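No hydrogens, no waters, no symmetry mates; every other heavy atom, side chains included, goes into these values. Small disclaimer: the values here were computed from a predicted structure and weren't measured.
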Amino acid sequence: MTGTAQHPLAPTTARTPGTRPLAWAVLAASVLEVVAPAITLNGPGSSPDAGSGPELLITPAGWAFSIWGVIYALAIAQAVGVLAAGAEHTSRRLQVSQLVLYVGGAVWIAVAGVDSTLATAAVLVVMAVAATVAVLTVATQGGPEWLRLLSRAAVGLYAGWVTAAVFLNVSTALAELGPLSARDVGWQVVVLALAALTLLVVTALTGGVVTYALAGAWAMLGIAVTAAGDGTTAVLVTAVVAGAALLVALATAAARARRAVATA
C-alpha cells in the first residue's frame with residue numbers, strides 16, 4: 001500500500017494507451033471544426049449552440065459565444081501537444097471521445113445550414129455525452145505535467161460549455177416544435193436549474209477541473225446579462241446563484257485536492 005492520494009475516479013487510470021493514428025485523427029478533427037463554418041454549402045455557419053430557432057430567455061448574451069475561439073485554439077494546441085509528447089501519454093478513451101466531440105462540432109455546423117433545431121439538438125446531445133466522457137477521463141490523466149494541464153484546460157473548457165449548450169439547444173427545439181413557449185419563464189428556469197445541477201455534479205465527479213466549472217459559470221454570466229436586459233428576474237436570480245454555486249464547488253474541490261496531496 002502506497003501513500004499516494006487517490007482521486008475518486010482513480011481506478012479508471014489503468015486505461016489502454018492512446019495511439020499515434022488516433023492522435024492525428026483528433027488533430028484533423030480539431031482543425032475541421034474550425035474551418036467547417038467557411039465551407040458549408042449554405043454560406044458561413046456558426047458555432048455549435050448558436051444556431052437558428054426561437055430566442056429563449058435563457059440564451060446567453062451574444063458576446064458569451066466568443067468562448068468558442070478559445071475552445072478551438074485549446075483543442076488544436078492539445079492535439080498538437082499529444083503528438084509532441086507521444087500518444088502513449090494519453091488514453092485511447094480520451095482520444096475516441098475527443099474525436100466524436102470534434103467531428104460532432106463540424107457536423108453540427110453542417111446540419112445547422114438546413115435550419116433544423118431538432119437535428120442540431122440531436123447532434124449536440126451526442127457531443128455532450130462525448131464531452132462528459134472526455135472530461136471525466138482527463139480528470140485522471142497522467143503523463144507529463146504540462147500535457148496533463150493542457151489537456152484538462154482544453155477538454156474542461158469544451159465540455160463545460162457544451163454541457164450548458166445542450167440544454168439550450170434541446171430547449172430551443174422543444175419551443176419550436178412543441179407546445180412550450182419561448183417567452184414562458186417557468187419551464188426555462190427549470191431547464192436552467194437542471195443545467196446548473198449537471199454542471200455541479202460533473203465538477204464534483206472530476207475533482208474540480210477548473211476550466212469545466214469556469215465555462216459553466218461563463219454561460220451563467222451570459223444568461224444573467226440577457227435576463228437583466230429582458231427584465232426576467234427569475235432567470236437572472238437562477239443564473240447568478242448557479243454561477244456562484246459553480247465557483248464555490250470549484251473552490252471546495254480544489255481545497256479537497258490540496259488536502260489530499262498534503263496528507264499523501
In one Ile/Leu/Val/Met/Phe/Trp/Tyr side-chain cluster, 4.5 Å: V210, L149: no
Audit row: S151, Q78, side chain to side chain donor-acceptor pair (under 3.5 Å) steps and yes/no: CA-CA 6 Å; S151 295; Q78 190 269 345; 3.0 Å; yes
Residues which pass side-chain contact (heavy atoms from CB on, under 4.5 Å) with T238, listed by chain and number, not counting sequence neighbours: V189, L192
Ring pair (Phe, Tyr, Trp, His ring centres under 6.0 Å) partners of F167, counting only residues at least two apart: none
Test side-chain contact (heavy atoms from CB on, under 4.5 Å) applied to A153 - qualifying residues, sequence neighbours left out: T211
Gap separating the CG atom of L94 from the OG1 atom of T16, nearest 0.5 angstrom: 12.5 Å
Straight-line distance of L56 CG to N169 CG, nearest 0.5 Å: 9.5 Å
Contacts of V241 that satisfy side-chain contact (heavy atoms from CB on, under 4.5 Å) - sequence neighbours left out: V237
Exam field: side chain W218 to backbone A213, donor-acceptor pair closer than 3.5 Å: no
Point-to-point distance, once rounded to the nearest 0.5 Å, from CD1 of I67 to CG of L157: 4.0 Å
Those residues that, when tested against S97, pass side chain to side chain donor-acceptor pair (under 3.5 Å) (two or more places apart): none
Backbone of V235 reached by a side-chain donor or acceptor of T232 within 3.5 Å: no
Neighbour count >12 (heavy atoms, 6.0 Å) for atom CH2, W24: no
Distance in Å, R152 CZ paired with L147 CG, rounded so as to fall on 0.5 Å steps: 12.0 Å
Residues clustering with V240 (ILVMFWY side chains joined when closer than 4.5 Å, directly or via others): L236
Pairs meeting criterion salt bridge (charged side-chain N to carboxylate O under 4.0 Å, His left out) with involvement of residues 128-146, two or more places apart: E145-R148
Residues which pass side chain to side chain donor-acceptor pair (under 3.5 Å) with Q188, listed by chain and number, not counting sequence neighbours: none
Results of side-chain contact (heavy atoms from CB on, under 4.5 Å) for L200 - residues two or more places apart only: A245, L246, A249
